[in-house]
Number of protein chains: 2
Amino acid sequence: MFENRLKKRNIRPTAMRLIVLKELYESEVAMSLSELELKLENSDKATLYRTLKKFEENQLIHSIDDGSGSIKYALCDEGCTCDSKDQHVHFHCEKCLSTYCITNIGIPQLTLPKGFISNSANLVFKGICLSCS
Amino acid sequence: MFENRLKKRNIRPTAMRLIVLKELYESEVAMSLSELELKLENSDKATLYRTLKKFEENQLIHSIDDGSGSIKYALCDEGCTCDSKDQHVHFHCEKCLSTYCITNIGIPQLTLPKGFISNSANLVFKGICLSCS
DNA sequence: CTGATTTTGCAATCTGGTTGCATTAAATTT
DNA sequence: AAATTTAATGCAACCAGATTGCAAAATCAG
Ligand SMILES: [Mn+2]
Ligand SMILES: [Mn+2]
Ligand SMILES: [Zn+2]
Ligand SMILES: [Zn+2]
């Protein structure tokens, strides 16, 4: 249940937060702040913004920079700690502009030039998604 | 010589363009519009913007979305056609905020879920760069 | 209940990016 | 070379997404 999911992450379950969580839960794809704002009538951008920040801070969701200009958010798996083991590939459809978590594909470890130490990475594939092809 | 490099890409070598090209050429790291604007006294943001767009369109430079919020630009190698074979990994230093082209490391080809067709990708590693470590 | 803390809503601000438009510069034609 | 056409520049305005200040409302703890 959503309320529980919030509590587990130490987020007080207010009405707005439950709605946002539900919305993200029911979405097949990652959502941006403004998409949420549109979808949720009589919602306030600043509140949504702070809701998402809180969710992200408490590792209930993760943010995705898909290069579209607006940051997308998607639910983390249960038990996610948002460290490198939880990082995965994302896919951005250039037709419908949807962004998908490809949770079962991790980011490949590459050997960087000497002296460059990486602790995280962002890998986004762009193209045409399943529903658009 | 810079003038020639512009001509080869079908870009008319104006004074401003030569300056911008020189600046990018001499920079170890990728530069953003506003970094250029700061560096080049009495330069205009809109002109720089259009200069970069033109350079990018004509494949003299490529743009890099390193997740920092501002797009960075770096010179392409000679003969670059900015297609998938020319795409490479980038590195963003979280300390000095510099972004480097790792031109000798390509983007790994991964098998995406059925129905997802990718034609480009963005892979940025984040961490500490050589000069900051 | 009561005072302290947190969340919310609204307006304002910031930043990077982008565009309209008149001016200037460069290339082409006569 | 002068006239004509085309491209580049500079300035101001605009835009979208992100972020903040602040007072009101909701929630919590004693
Ligand atoms: Mn994801
Ligand atoms: Mn590069
Ligand atoms: Zn699609
Ligand atoms: Zn560095």
Side-chain angles (χ1 to χ4, degrees), chain A residues 2-3 6-7 9-23 30-58 60-74 92 97-99 122 124, chain B residues 2-7 9-23 30-58 60-74 92 97-99 122 124:
Chain A
F2 295 131
E3 188 165 331
L6 289 178
K7 282 179 178 164
R9 293 294 186 169
N10 251 308
I11 302 166
R12 293 152 92 180
T14 68
M16 180 54 64
R17 284 168 177 179
L18 284 167
I19 291 172
V20 172
L21 172 54
K22 182 164 179 289
E23 201 59 43
M31 298 185 78
S32 70
L33 172 57
S34 46
E35 279 164 359
L36 272 171
E37 196 189 0
L38 275 177
K39 192 99 180 239
L40 305 179
E41 270 313 312
N42 62 43
S43 65
D44 176 67
K45 188 165 56 123
T47 303
L48 287 175
Y49 173 76
R50 285 184 275 232
T51 297
L52 291 171
K53 282 285 156 176
K54 174 112 225 161
F55 282 10
E56 186 180 16
E57 225 163 73
N58 293 29
L60 177 65
I61 65 177
H62 61 280
S63 62
I64 306 157
D65 184 347
D66 60 12
S68 70
S70 59
I71 304 203
K72 306 288 174 61
Y73 298 89
H92 179 68
L97 307 182
S98 294
T99 296
N122 182 34
V124 180
Chain B
F2 294 129
E3 188 164 331
N4 226 291
R5 197 141 173 191
L6 290 179
K7 283 180 178 165
R9 294 293 186 168
N10 251 307
I11 302 166
R12 292 152 91 178
T14 67
M16 179 54 64
R17 287 169 175 177
L18 285 167
I19 292 172
V20 171
L21 172 54
K22 182 164 178 290
E23 202 56 49
M31 299 185 77
S32 69
L33 172 58
S34 46
E35 279 164 0
L36 273 170
E37 196 188 1
L38 275 177
K39 193 98 181 243
L40 305 179
E41 269 315 312
N42 63 41
S43 65
D44 175 68
K45 190 164 56 119
T47 303
L48 288 175
Y49 172 77
R50 286 185 274 233
T51 297
L52 291 171
K53 282 283 155 174
K54 176 109 217 161
F55 281 12
E56 187 180 16
E57 224 163 75
N58 294 28
L60 177 64
I61 65 178
H62 61 280
S63 62
I64 306 157
D65 184 348
D66 60 12
S68 69
S70 60
I71 303 201
K72 306 288 175 59
Y73 298 88
H92 179 66
L97 306 183
S98 294
T99 295
N122 181 33
V124 180

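Here is the naming used below: chain letters follow the sequence lines, and residue numbers restart at 1 for every chain.
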Has [X] got a side-chain atom pairing as donor or acceptor with [Y]'s backbone, closer than 3.5 angstrom?
| X | Y | answer |
| --- | --- | --- |
| B/Asp66 | B/Lys72 | no |
| B/Asn58 | B/Leu60 | no |
| A/Arg17 | A/Arg12 | yes |

Could you grab the distance from atom CG of A/Leu36 to atom CE of A/Met31, nearest 0.5 Å is fine?
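Interatomic distance, A/Leu36 CG to A/Met31 CE, rounded to 0.5 Å: 4.5 Å.
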Can you tell me the distance, in whole Å, between the [atom1] atom of [X] and the [atom2] atom of [N]?
| X | N | atom1 | atom2 | result |
| --- | --- | --- | --- | --- |
| B/Lys54 | C/dA26 | NZ | P | 16 Å |
| B/Asn10 | C/dA26 | CG | C1' | 16 Å |
| B/Leu40 | D/dT9 | CG | C1' | 15 Å |
| A/Lys7 | C/dT6 | NZ | P | 18 Å |
| A/Met16 | D/dA25 | CE | P | 16 Å |
| A/Leu6 | D/dT27 | CG | P | 14 Å |
| A/Leu21 | C/dT7 | CG | P | 15 Å |
| A/Asp65 | C/dG16 | CG | C1' | 14 Å |

Of the listed nucleotides ([options]), which one gets closest to any side-chain atom of [X]?
| X | options | result |
| --- | --- | --- |
| A/Arg17 | C/dA11, C/dT7, C/dG17 | C/dT7 |
| A/Arg12 | C/dG9, D/dT9, D/dC28 | D/dC28 |
| B/Tyr49 | C/dG17, C/dT8, D/dT19 | C/dG17 |
| A/Asp44 | C/dG9, D/dC11, D/dT19 | C/dG9 |
| B/Ile71 | C/dG17, C/dT8, D/dC11 | C/dG17 |
| A/Leu33 | D/dT27, D/dT19, C/dG16 | D/dT19 |

Here's a test of your reading of the structure: between B/Thr14 and B/Ser34, which maps to the more 5' nucleotide of DNA chain C?
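It is B/Ser34, whose closest nucleotide lies nearer the 5' terminus.
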Using heavy atoms to find the nearest nucleotide of DNA chain D for B/Ile11 and B/Ala46 separately, return the residue whose nucleotide is more 5′.
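Nearer the 5' end of the strand: B/Ile11.
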Side-chain touch B/Leu6/B/Phe55, heavy atoms, less than 4.5 angstrom
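Sidechains of B/Phe55 and B/Leu6: in contact.
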Can you find an N or O donor on one side and an acceptor on the other, under 3.5 Å apart, linking the side chain of B/Lys45 with the base of C/dG17?
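Checked by distance alone, the answer is yes.
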Check this for me: does the side-chain of B/Arg50 come within 3.5 Å of the base of C/dG17 through a donor and an acceptor?
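Between C/dG17 and B/Arg50, which were checked side chain against base, a qualifying N/O pair under 3.5 Å is absent.
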Does a side-chain N or O from B/Thr47 land closer than 4.0 Å to OP1 or OP2 of D/dG10, or not?
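For D/dG10, OP1 or OP2 has a side-chain N or O of B/Thr47 closer than 4.0 Å.
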